[in-house]
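Start at 1 and go down the list; that is how both ligands and their atoms are numbered.
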Amino acid sequence: MSEREWEFAERVGRVEPSATVAVGNKASKLKEQGVDVVDLSVGEPDFPTPARIRETGRQAIADGHTTYTSSNGIPKLREAVSKCLKGKGVPCGPENVVVTPGAKQALFETMQALVDEGDEVVLLDPAWVSYEAIAKIAGADLTRVDLGQHGFALEPALDDLAAAVSDETTMLVVNSPSNPTGAVFSADAMKGVRDLAVEHDVTVVADEIYDRITYDAEALSLASFDGMAERTVTINGFSKAYSMTGWRLGYLAAPEPLIEQVSKVHSHSVTCAANFVQHAGVEALQSVETEVAEMVAAFEQRREIVVDLLADQGKMIPKPEGAFYAMIPTDEGPTDDMEWCDRAIEDAHVAAVPGSAFNAPGYARISYAASEERLKDGFARLANEDLI
Ligand code: PMP
Ligand code: GLU
């Protein structure tokens, strides 16, 4: 085929491919070549989707739930989502919910509906890699507030946030529990966000996808705070708590005027989330409490192992209070986190994501959604290569 000179849209030139997905792909490629890789890269639970959810999905296909659904999602699922949000103190009805193929799509549609070229979006660093990309595709200018110097907590960084947010700010993204740090923001931190958002009339995107995976802390819903329901877009999904990454199911909840606009993007892009997957989602929200508790208990045990293994190497990290990630300072071996991760995968055969992907150079993120045995093996390999 002859080479053609493509002229790409300027918006795709603003972003790089997802670093989390890229490292995961690199690890998969090595595994295909027969290399024994300890893959601590992509944040994906290592448990199967709970059996009841799988069975409901299978039955839904057998029952012929294979057509399009109403664009914003089947009523049963939107009702179950709104009930779940009401349980967290968020005023919400089925009319406030759009069911999406994954939380990523919910974030994408939200930004498309709210962010114009040159609008300011504020991120709290370290920030999950796709916030920056999704915001930039929408045309955003980013303002970043660093939580790294405050042990990844938001409360001590509220003054910095106050300095960053102004009447010019369009949107602030808050992710608690946080990917990549595992921090869970306190009630006072959330109140601080509320005060600033109300004062400057800012829309807040609250990504709560890890809210069921917490250890010694409670994940709070921003939309439950006074004055926040009318300005918050709550994002959530089924990938993490229910180990349903490949099903692609998530949602956003927001006031109706925004739902009306988001629905346009939704209906013209994905039409709807897969029908039988939505049925499985109802089952997830209603009947797998025990299975979720078991997975969370396993993650908690692994968190202890990771914190202890790092302490054995003289590295004290703030204990993650939620999600299943830890940030390892890359101050041993090559101090450049990209180089550190290259050496980790090439020499130690351990896959981790460079902190730079989260605007946090000097760290590598590991996902501890891996078995205790693999975690211990991975850390021994890193120590062998003098990386920790
Ligand atoms: N938000 C955060 C913070 C995440 O870590 C992820 C992980 N993929 C997502 C959103 C998107 O999840 P999904 O599209 O699988 O629902
Ligand atoms: N959110 C997970 C991660 O950060 C999955 C990959 C992705 O979507 O970024 O690793």
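Using cut-offs of 30° and 60° on the angle between ring planes, the pair Y242 and F238 is tilted. Between Y210 and Y325, the two ring planes are perpendicular [angle over 60°; tilted spans 30° to 60°].
Among protein heavy atoms, the minimum distance from atom 15 (O) of ligand 1 is reached at S239 OG, 2.6 Å. Summary of contacts: the protein heavy atom closest to atom 12 (O) of ligand 1 is I209 CD1, 3.4 Å. Distance from atom 16 (O) of ligand 1 to its nearest protein heavy atom, with residue and atom name: A103 N, 2.7 Å. Ranking protein heavy atoms by distance to atom 1 (N) of ligand 1, first place goes to D207 OD2, 2.6 Å. Summary of contacts: the protein heavy atom closest to atom 14 (O) of ligand 1 is R248 NH2, 2.7 Å.
Where the criterion is an N or O separation shorter than 3.5 Å, residue side chain and backbone included, K104 meets it with respect to ligand 1. Considering backbone and side-chain N/O of G43, one or more are found under 3.5 Å from N/O of ligand 2. For a threshold of 3.5 Å applied to N or O pairs, the pair formed by N179 and ligand 2 contains at least one separation below that value.
Under 4.0 Å from ligand 2, the heavy atoms of T20 that appear belong solely to its side chain. In F358, neither the side chain nor the backbone holds a heavy atom less than 4.0 Å from any atom of ligand 2. Using a 4.0 Å cut-off between heavy atoms, F238 makes no contact with ligand 1 at all. Heavy atoms of Q105 found under 4.0 angstrom from ligand 1: none, in either backbone or side chain.
Side chain of E109 to backbone of S263: no donor-acceptor contact under 3.5 angstrom is found.
Of all atoms in ligand 1, numbered sequentially from 1 with element shown, those under 4.0 Å from a heavy atom of Y131 are 3 (C). Atom numbering of ligand 2 starts at 1 in the shown order; those under 4.0 Å from a heavy atom of Y325 are 2 (C), 3 (C), 4 (O). Interface atoms of ligand 1 facing N179, defined by a heavy-atom separation under 4.0 Å, are 3 (C), 4 (C), 5 (O). Those atoms of ligand 1 that come under 4.0 Å of a heavy atom in K240, given as number and element, are 6 (C), 7 (C), 8 (N). Residue-ligand proximity, G102 to ligand 1, at heavy-atom distances under 4.0 Å covers atoms 14 (O), 16 (O). Per-residue contacts place N175 under 4.0 angstrom from the following atoms of ligand 1 (heavy atoms of the residue considered): 3 (C).
When E44, K240, K104 are checked for heavy-atom proximity to atom 2 (C) of ligand 2, K240 turns out nearest. In the candidate list W128, F108, Y325, W128 is nearest to atom 6 (C) of ligand 1, counting heavy atoms.
Between D331 and K315, at least one side-chain nitrogen of the basic residue sits less than 4.0 Å from a carboxylate oxygen of the acidic one, meeting the salt-bridge criterion. A salt bridge does not link D160 to R144: none of the charged nitrogens lies less than 4.0 Å from a carboxylate oxygen. Using a 4.0 Å cut-off between a side-chain N of Lys or Arg and a carboxylate O of Asp or Glu, K240 and E44 do not qualify as a salt bridge.
L123 is not listed as a side-chain neighbour of L172, based on a closest heavy-atom distance of 4.5 Å or more. With contacts defined as side-chain heavy-atom distances shorter than 4.5 Å, the pair E385/E346 does not qualify. Within the 4.5 Å cutoff, the side chain of S356 has heavy atoms near those of the M338 side chain. Side-chain contact check for L85 versus T234: some heavy-atom pair is nearer than 4.5 Å. Within the 4.5 Å cutoff, no side-chain heavy atoms of W340 are placed close to those of P354.
No heavy atom of G237 sits closer than 4.0 Å to any atom of ligand 1.
Between the CD atom in E95 and the CD atom in E256 there is a gap of 5.0 Å [rounded to 0.5 Å].
A distance of 6.0 Å or more separates the ring centres of Y131 and F358.
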